[in-house]
Amino acid sequence: MRGLEHRGLASADGPIVIARRSETAGYGEIVAVYGGDGRRRVGRVVDSSEDAVAIQLFDSSAGLSVDDSRVEYLGKALELRVGPDILGRVFDGLGRPTDGYPEPISSEMRDVNGMPINPAARVYPRDFIQTGVSAIDGMNTLIRGQKLPIFSGNGLPHNRLAAQIVRQARILPRGQAGEADESFAIVFAGMGIKYDVARFFIDSFERSGVLARVVMFLSLADSPSIERLITPKAALTAAEYLAYERGMHVLVVMTDMTNYCEALREVSAARGEVPSRKGYPGYLYSDLASLYERAGKIEGSPGSITQIPILSMPNDDISHPIPDLTGYITEGQIVLDRELSQKGVYPPVAGLPSLSRLMKDGIGPGMTREDHKDLSSQLFAAYAKVKSVRNLSAIIGEEELSSLDKRYLRFGERFEAEFLTQGEFEDRGIGKTLDLGWRLLGLLPREELLRLPAALIEKYLPKEGG
Amino acid sequence: MTTGRITRIAGPVVVAEGLGAAGLYDVVEVGEAKLAGEIIRMDGRGATIQVYEEDTGMRPGEPVVSLGKPLSVSLGPGLLGTIYDGIQRPLSQLKAATGAFLEPGVKGESLDRSRKWAFEPAMRPGEDFGPGSLIGRARETQLVEHRVLVPPNAKPGKARRVAPAGEYDLRDTILESESGAAFGLSHDWPVRVPRPSRRRLPPTEPLVTGLRVVDMLFPISKGGCAAVPGGFGTGKTMTQHAIAKWCDADIIVYVGCGERGNEMTDVLTEFPKLVDPRTGRSIMERTILIANTSNMPVAAREVSIYTGITLAEYYRDMGYGVAVMADSTSRWAEALRELSGRLEEMPAEEGFPAYLPTRLAEFYERGGRVETMGETVGSVSIIGAVSPPGGDFSEPVTQHTKRFIRCFWALDRDLANARHYPAISWIDSYSEYAEEVAEWWDKVDPEWRSLRGRALELLKREQRLEQIVRLIGPDALPDEQRLVLMTAEIVKSGFLQQSSFDEVDKYCAPRKQVLLLRSILEFHRRAEAAIKAGAPLPKISALPVRERLSRMKSEVPNEAEHEMRAIEDQIAGAFDELDRQYRKEEAR
Ligand SMILES: Nc1ncnc2c1ncn2[C@@H]1O[C@H](COP(=O)(O)OP(=O)(O)OP(=O)(O)O)[C@@H](O)[C@H]1O
Ligand SMILES: [Mg+2]
């Protein structure tokens, strides 16, 4: 029965083709559709009834005609071949090797859709990852097993920041995870990105000597857009294999999620579904969750999956459905700010809208330092005040500000220039980051530091003039 | 049992023929994998079924079997401390069966049928009983006594035999009536049907949450309904966790509906370690978790809310105060929308089905304080998170929810960004329960009402003044108005702000709440008078007691009432001194 082919289509219209009734079509099963040209296109059954089968293609439908096409039902979901030697390999968006080498030698196949993790089987993530970036470590700490996206915009340095994180990320106090640590791997999913961007990451991995520990899934801008719908799933399937079956700590970089969402919208429109906001389907939230929730740690395995999805916010608008729904699912977000970037601040991590939700359990005594929690809270509060003083100053002029407000302005300038700003190859230790924070808070009067307990102020605040 | 066959599969919605004899809302086993499902429509096309598990691979022609009963939950001892999925399958048991990942088709027993419970009868043979009558008691956890009641849908009767004190499991009969009806320690109840009660009672007792901004400014009653709307990351989940941990309900039902897996794990790992300040027992002993996270099947997400509220009503019927946290009702509404879309129904606003408001109303109506069938008093309070797209409260779920709740804790993006937590806006929030609970607070402190009024008034004045300041700067304001700004800052940092991570301040006892606010407002009263007497504002803001007021919340523990009193003396002392100085200057 399997592998049986059916001739002819009822209709072929964009990414959705309708095949005539087939006893054998299971919901969600993978099919191969051949056109008159003999080319094989992969698709998936999205609606299966006794009269007709709707197939969503992951490949261009160009060249498919109603009469000459053949549909082959493969009787299983889309699968990825996994094995230890996927490390160092490059695949296309559907998981086929594109680096000129043969398929990995393994008979292990995994359904790319994965299965939901039982919440009772998760292990709550707590291990601090030092990225060496003050804006992240100090204020928006990354935790092993977290999903922490970068919200960016066109032309902002999200790729450089992501590469810096990958390069510098390590667990304290155990040394450099990036180097020669057998339990460390990187999975990269590129969706609709330009070749240059992919090249940038490959070069960066190569320079830091980790290329042999990277698995890449690339569906570049010139591949059919609907292929992107599978790319992150294939990448996460590889990540799950490495993390939960091989016990590795996997860092997954997925970029650009916006391209993924657009492909989803395209297919939804082709299916004639009722759209929700901005034409995106109502299930965009659940769909994104099925990807992002594949981050984490589970009982019975030492491995972990940490996700850094990158998305560009259309029009820099954080309330656009893509960043909005992402923020509702992920455990915080690193938001890049155009204004900061224009001021020359790198990395331009926006002070206020950025957040790490798992930070609370991964910092403090024994993990980073006793003052970390209160210090970061105070920095946020002070920087929020800077923002409102700046607004006021724009109206009444800086001269009219009170002396306290002027001190806040000075704090704000130096916070951006010294705390946020750092070199792309500068790896700051957490101690240094925190000390820097204290030094800047020294610019403010002590009575303003209400988020800091008196004992910590005594111990850490540099003495006047010091 | 009626058997039909599948004619169409489109995601979580399946159509089958040959089920004409089955009832609407019957539970069905779908396909060869026997996935759980529910009939949600019967029409010319056959039965439309929503499937609670992932149905990839299912084919037209596979069988569907109706179990001839509506979707129900099992109610009995053993619920507390358990984590269930949306259709009440115990997740720990599923983990034992299939490992860390949830596989479709796995079955689980909602309650352990063979576990023994120590039972004490309360009914005697020969006694008349009716729905809700107390049969006896079983110790479910150290904290909670399980009251075994005659189910609400049972016919009245006369007891022929009541099991003597002893150990019983859920299969044992503990009450037999003269007419031969038999009752055990547990029974089933359909989740979509509210459990009956005798009558509704006014919600006059507050649900004390330990969050000052809630208890003092926007209180919720036992039996009240509140909504917590807010954009992502503004603190809905943290607020609900804080309330679940520290509020004075007897039972907590926490429904994670379409949210993060790690948040449920957080509850699972943290709650057992937390000790209830009132009882000294682990708070997990009073908690039931329902977890249908965002990546779990969407149809089961739709039911999870009903599963949760039915468990809550069950404990309400025993005479307990139950608090339900639903995080997030928006994800539930989206599940409705997704299923409605698959059913090809006509969408109303933003793709939501036209019956969204009806469903919301039905849900919140199941909250309330009631006289139970067994003539005790119980309550179900509902706290529902709302996740508006883009943080915009004008969207349909927030707007419709507002019609059915009486307490609205609006989370504010700017406050959250400034890490002012809880980011509950004192401008956009409201509570219609304030009047009803005032009498209860009178017993804690007769000043509660006036303190509340003065604090709200002060914050409103501050908001108006801020608008002026934003145009012309603060220096243009007279001292008396700048004092309002200053005191408002103290109210914000020393009273409204309350970090869940602060060892002392994470829970604030009612007494301390009142004393804190009174001290701050007393400071304000004295400062106003001092300014009238001619003292300049900088003198007042330089008083050490000012900083002390902002720090007291975390420096003074709940029990240390004398320290709170001491601060009042300190305020009096500081201002007496100031007054003396200025009276002298005047005299000179
Ligand atoms: N009361 C609080 N005390 C301390 N921190 C808080 C408090 N409330 C919120 N936070 C901080 O804000 C973060 C986000 O809060 P939370 O997860 O509750 O947001 P949310 O509104 O539920 O977001 P989402 O809709 O995305 O689920 C927390 O991780 C924590 O860092
Ligand atoms: Mg939340």
Side-chain angles (χ1 to χ4, degrees), chain A residues 23-29 47-50 77 113 115-125 244 273-277 282-283 285-286 289-290 293 296 298-300 319 321 324 327-329 331-332 352-353 355 357-358 360 373 377 380-381 384 391-392 395-396 400-402 447 450 453, chain B residues 7-10 15 55-61 83 91-92 94-95 99-103 232-233 256 258 260-262 264-266 268-269 291 293-296 298 331 334 337-338 341 347 350-351 387 389-392 417-419 469-475 493 499 501 547 550-551 554:
Chain A
E23 213 63 76
T24 58
Y27 173 75
E29 109 173 51
D47 194 327
S48 172
S49 73
E50 297 198 306
N113 296 302
M115 275 181 294
I117 299 178
N118 183 333
R122 280 184 185 267
V123 175
Y124 195 73
Y244 305 138
E273 291 169 341
V274 179
S276 163
R277 280 201 310 152
Y283 50 79
Y285 174 86
S286 300
S290 73
E293 280 289 317
I298 60 171
E299 284 174 9
S319 68
D324 190 50
Y328 270 125
I329 302 162
E331 285 140 352
L352 303 183
L355 168 74
R357 300 167 191 241
L358 298 188
K360 57 187 167 81
K373 250 176 236 184
S377 169
F380 274 119
N391 287 340
L392 181 61
I395 296 164
I396 63 170
E400 296 293 313
L401 294 179
S402 68
E447 316 83 76
L450 290 172
Chain B
T7 55
R8 179 180 175 197
I9 306 133
V15 182
D55 55 3
T56 294
M58 194 171 282
R59 299 190 164 75
I83 178 167
L91 285 168
S92 313
L94 302 196
K95 177 173 74 178
F101 294 90
L102 287 166
E103 283 176 23
F232 63 79
R260 300 173 185 81
N262 275 334
M264 302 313 292
T265 316
D266 192 12
L268 269 182
T269 43
T293 55
S294 55
N295 54 341
M296 287 160 72
V298 68
R331 305 302 166 219
E334 285 164 10
R337 174 169 72 185
E338 188 171 337
E350 297 194 12
S387 318
D392 174 3
N417 278 354
R419 272 51 175 178
V469 169
R470 247 174 268 144
L471 294 176
I472 56 171
D475 284 349
S493 61
S499 170
F501 308 134
E547 187 181 333
S550 295
R551 292 185 179 278
S554 16

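Lettering follows sequence order; numbering is per chain, from 1. All of these numbers come straight from a predicted model, not from anything done at the bench.
Chain B forms more heavy-atom pairs under 4.5 Å with one residue of A:Gly28, A:Ser319, A:Ala289, A:Gly296 than with any other, namely A:Ala289. If you tally non-hydrogen atom pairs under 4.5 Å between each of A:Val123, A:Leu401, A:Ile329 and chain B, the highest count goes to A:Ile329. The greatest number of non-hydrogen atom pairs below 4.5 Å with chain A, out of B:Glu103, B:Met264, B:Arg331, is found for B:Arg331. The choice from B:Ser550, B:Ser387, B:Ala418 that makes the most heavy-atom pairs within less than 4.5 Å of chain A is B:Ser387. Counting heavy-atom pairs closer than 4.5 Å to chain A, the top residue among B:Asp475, B:Asp55, B:Val15, B:Val298 is B:Asp55. The most heavy-atom pairs under 4.5 Å with chain B, out of A:Ala77, A:Ala384, A:Gly282, A:Ser402, come from A:Gly282. Chosen from B:Leu102, B:Ile472, B:Thr56, the residue pairing most often with chain A at heavy-atom distances under 4.5 Å is B:Leu102.
In this structure, A:Pro275 has no side-chain contact (heavy atoms from CB on, under 4.5 Å) partners at least two apart in sequence or on a different chain.
The side-chain heavy atoms of A:Asn118 and B:Phe101, taken from C-beta on, include no pair separated by under 4.5 Å. Using a 4.5 Å cut-off on side-chain heavy atoms (C-beta onward), A:Tyr124 and B:Leu268 make no contact. B:Glu334 is not listed as a side-chain neighbour of A:Ser286, based on a closest heavy-atom distance of 4.5 Å or more.
Once rounded to the nearest 0.5 Å, the distance linking CD of B:Glu350 with CZ of A:Arg277 reads 7.5 Å. Summarising the geometry, atom CD1 belonging to A:Ile117 is positioned 8.0 Å from atom CG belonging to B:Asn262; distances are rounded to the nearest 0.5 Å.
Interface remark: B:Ile9 contributes backbone and side-chain atoms alike to the contact with chain A (heavy atom separation under 4.5 Å). Only the side chain of B:Thr293 comes within less than 4.5 Å of a heavy atom of chain A; its backbone N, CA, C and O stay farther away. B:Ile83 touches chain A through its side chain: at least one heavy atom from C-beta onward sits under 4.5 Å away, while N, CA, C and O do not. With a 4.5 angstrom heavy-atom cutoff, A:Pro453 touches chain B only via backbone atoms. Proximity to chain A (any heavy atom under 4.5 Å) is shown, for B:Pro389, by both the backbone and the side chain. Contact of A:Leu392 with chain B is made through the side chain alone, with heavy-atom distances under 4.5 Å. With a 4.5 angstrom heavy-atom cutoff, B:Arg419 touches chain A via backbone and side-chain atoms both. Residue contact with chain A, scored on non-hydrogen atoms closer than 4.5 Å, involves the side chain of B:Arg551 exclusively. Proximity to chain A (any heavy atom under 4.5 Å) is restricted, for B:Ser493, to the side chain, taken from C-beta onward.
At distances below 3.5 Å, at least one donor-acceptor pair connects side-chain atoms of B:Arg260 with backbone N or O atoms of A:Tyr328. Of the possible donor and acceptor atoms, one in the side chain of A:Asp324 sits under 3.5 Å from a partner among the backbone N and O of B:Gly390. Side-chain atoms of A:Glu293 come within 3.5 Å of backbone N or O of B:Gly261 as a donor-acceptor pair. In terms of modelled atom types and a separation under 3.5 Å, the side chain of B:Thr265 and the main chain of A:Pro119 share a donor-acceptor contact. Within the 3.5 Å criterion, the main-chain N or O of B:Gly258 finds a donor-acceptor partner in the side chain of A:Tyr285. Judged purely by atom type and a 3.5 angstrom limit, A:Arg122 has no side-chain atom pairing as donor or acceptor with the backbone of B:Ala100.
Contact record, A:Glu50 with B:Pro60: CG-CB, 3.9 Å, taken as the closest heavy-atom pair. In plain terms, the two heavy atoms of B:Arg59 and A:Glu29 that are nearest each other are NH2-OE1, 3.3 Å. B:Glu547 approaches A:Leu450 most closely through the heavy-atom pair CG-CD2, 3.7 Å. A:Val274 approaches B:Pro347 most closely through the heavy-atom pair CG1-CG, 3.8 Å.
The cationic group of A:Arg357 does not satisfy the cation-pi geometry with B:Phe232, failing either the under 6.0 Å distance to the six-membered ring centre or the 45° limit from the ring axis.
Taking the charged nitrogens against the carboxylate oxygens, B:Asp266 and A:Lys360 do have a contact shorter than 4.0 Å, which makes a salt bridge.
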